[in-house]
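I have placed the structure first, in the form of structure tokens, so that the comments after it can refer back to it.
Here is how names work: the chains are called A, B, and so on, in the same order as the sequence lines, proteins then strands, and each is numbered from 1.
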There are 2 protein chains.
Amino acid sequence: MTIKPANSQYLRIHDALAEDLDSGRLQAGERFPTERELAERFGCTRVTLRQALARLEAEGAIYRGHKRGWFVSSAPVAYDPSRVTSFMEYVTAQGREPRTEYLLAERRQAPAWLAVRLQVDVGAWVYHLERRRWVDGRPVLLETNILTEQWCPGLLDQPLGSSLTQLLRQRYGRVQARSEITFKPCVLDEIQGQLLELAAGSSGLMLERLCRDAQGTPVEYDLEYWRPDAVKMGFEVGG
Amino acid sequence: MTIKPANSQYLRIHDALAEDLDSGRLQAGERFPTERELAERFGCTRVTLRQALARLEAEGAIYRGHKRGWFVSSAPVAYDPSRVTSFMEYVTAQGREPRTEYLLAERRQAPAWLAVRLQVDVGAWVYHLERRRWVDGRPVLLETNILTEQWCPGLLDQPLGSSLTQLLRQRYGRVQARSEITFKPCVLDEIQGQLLELAAGSSGLMLERLCRDAQGTPVEYDLEYWRPDAVKMGFEVGG
DNA sequence: AAGTGGTCTAGACCACTTG
DNA sequence: AAGTGGTCTAGACCACTTC
């Protein structure tokens, strides 16, 4: 088993651009030159140039705005999915500016796939919330929260402007006891891409969470889609 | 904000192939027809065909063997990074067949970046282990374990054939108390690609772990590179 | 030896964003 | 209105795998 040198043109272009990023010649948030311009600079076709860009994108160094060009990624936000602190809290704590936007807040009946997870009957009432969350003026996260009505009756009559975590704690005295989390890389579809200002087909990070109360009864099911360049997932175990 | 229909040719090809996979017309582990064959079937060029394949790959549905073609992914192994059970144990528990291969087992001096993490002096002695791990005859994980000599003196004189977790527990009476874990999508380089039988530049999942003893002293630093299609990461919180 | 995937060229058209 | 990224064509050569 020998390792080949691997010296393709697109890798050399990739490395050259990566060095521009490392050296700070290209700043976070800054727009790249156009593809045609870069292709000319490196003396290659756009196809080859885009191979190099795709690799930088996969590494999280750059991202694309749909039909708007390529941009330099900024520092990721640290996120600990095991904590119950709210998005607003932990983003602020890192000196960044969070914003939350409600896309949807409805009372719905649970379809089969959800009923299985929440251990309720098909058709049971649940609250379905969809939010888009921002850091420093850029959308980074699509979050869906589905809560059983029994857990927080009349939720939609409450003011949803502030933190959901706080609302549950203060108005309902509700604190989650345990949760199961899984995650995996995913591909963002057209809608998700538009909401996160990414090209459809970009890769993302999907996180699924099932929360239980003190008795072990499932009370909330969450689904999160993150911009992969915007977050650094980490958590602590034991203690 | 309106959502476009997005009806490009490569997406239609992607969907057609995805249906072949879902329906079971293509079985796990099976090799795809050649790119030229598929391109002819769909009446497109190889460039377009490869766009569709790249998307299926990003979704984890298929993977490529370097210069050997495209293959159907098989069911992922569930992995809980917060548990201290060994690879051999949890893979076996899922009815799959694990195998571990040592790539390297050395006594080394800590370079600066590692000394910072392990809170030791630069040049302090550590044990550096590199292993490749398999499930059902396919390589799925590259694992690096770096342990301080103080934590397990004479480690390399022990039989490394069986589980490292067990060895530490039984021979040294060592159990890790806390650990900090971070992970992110990554791009596999040439060497990693070859070892995991993937094309260089494929995406992977990187996991970093810093383990501490009961006093909070760092004792082990791990780095894991997973085939993204081979693993389903998940863990439990609270309790 | 034949065929494969990996890489690359030199164009092209379109829908969309930007000025 | 001009320019951009997104998509696509129709070829090509090479190193490698497979037979």
Between dC8(C) and Tyr10(A), is there an OP1 or OP2 to side-chain N/O distance shorter than 4.0 Å? no

In chain order, what residues pass the salt bridge (charged side-chain N to carboxylate O under 4.0 Å, His left out) check against Arg68(B), with sequence neighbours excluded? none

Can you list the stems that include DNA chain D, where a stem is three or more consecutive Watson-Crick or G-U pairs with distances under 3.5 Å? C:1-18 with D:1-18

For dT7(C) and Gln9(A) - does any side-chain N or O of the residue sit under 4.0 Å from the phosphate oxygens OP1/OP2? no

Could you work out, with salt bridge (charged side-chain N to carboxylate O under 4.0 Å, His left out) as the rule, every residue matching Glu220(B), not counting sequence neighbours? none

Salt bridge flag under 4.0 Å for residues Glu89(A) and Arg83(A): no

Whole-Å distance separating the CZ atom of Phe71(A) from the C1' atom of dG5(D): 11 Å

Test of understanding: with salt bridge (charged side-chain N to carboxylate O under 4.0 Å, His left out), list the residues that count as partners of Arg46(B), not counting sequence neighbours. Glu35(B)

Using nucleotides 17-19 of chain C, report all nitrogen or oxygen pairs with the protein that are shorter than 3.5 Å.
none

According to a strict under-4.0 Å criterion, is Thr45(B) in side-chain N/O contact with OP1 or OP2 of dG11(D)? no

Candidates dC8(C), dT7(D), dT9(C) - which lies nearest the side chain of Val47(A): dT9(C)

How many Å lie between CG on Leu53(A) and P on dT4(D), as a whole number? 15 Å

Just how far, in rounded Å, is C1' of dT7(C) from CZ of Arg55(A)? 14 Å

Glu101(B): salt bridge (charged side-chain N to carboxylate O under 4.0 Å, His left out) partners, not counting sequence neighbours: Arg132(B)

Evaluate the criterion salt bridge (Lys or Arg N to Asp or Glu O under 4.0 Å) for residue pair Arg55(B) and Glu59(B); output intermediate values, then yes/no. CA-CA 6 Å; Arg55(B) 179 126 179 191; Glu59(B) 292 162 357; 3.7 Å; yes

For residues 91-113 of chain A, the ring-ring contact (aromatic ring centres under 6.0 Å, His included) pairs (sequence neighbours left out) are Trp113(A)-Tyr221(A)

Does Gln166(A), at its CD atom, have more than 12 non-hydrogen atoms belonging to other residues, nucleotides or ligands within less than 6.0 Å? yes

Could you tell me how far apart Leu11(B) (CG) and dG6(D) (C1') are, to the nearest whole angstrom? 11 Å

Residues in side chain to side chain contact (heavy atoms under 4.5 Å, CB included) with Glu180(A), at least two apart? Leu210(A), Arg212(A), Glu236(B)

Starting at atom CG of Leu198(A), determine the distance to atom P of dG6(D), rounded to an integer number of angstrom. 11 Å

Checking Ser74(A) now: which residues fulfil side chain to side chain contact (heavy atoms under 4.5 Å, CB included) with it, not counting sequence neighbours? Ala28(A), Arg96(A), Arg138(A)

Apply side chain to side chain contact (heavy atoms under 4.5 Å, CB included) to Glu106(A) and list each qualifying residue two or more places apart in sequence or on a separate chain. Leu104(A), Arg108(A)

Tell me: CZ of Arg50(A) to C1' of dC8(C), nearest whole Å? 15 Å

Round to the nearest Å and state the distance from Tyr63(A) atom OH to dG5(D) atom P. 14 Å

Using whole Å, report how far CZ of Phe42(A) lies from P of dT7(C). 18 Å

Below 4.0 Å: OP1/OP2 of dG6(C) and any side-chain N or O of Ser8(A): no

Please list, by residue number, the residues of residues 27-37 of chain A whose heavy atoms come closer than 4.0 Å to an atom of DNA chain C; answer none if no residue qualifies. none

Residue mapping more 5' on DNA chain C - nearest nucleotide basis, Arg46(A) or Gly43(A): Gly43(A)

By side chain to side chain contact (heavy atoms under 4.5 Å, CB included) - contacts of Gln109(A) (at least two apart): Trp125(A)

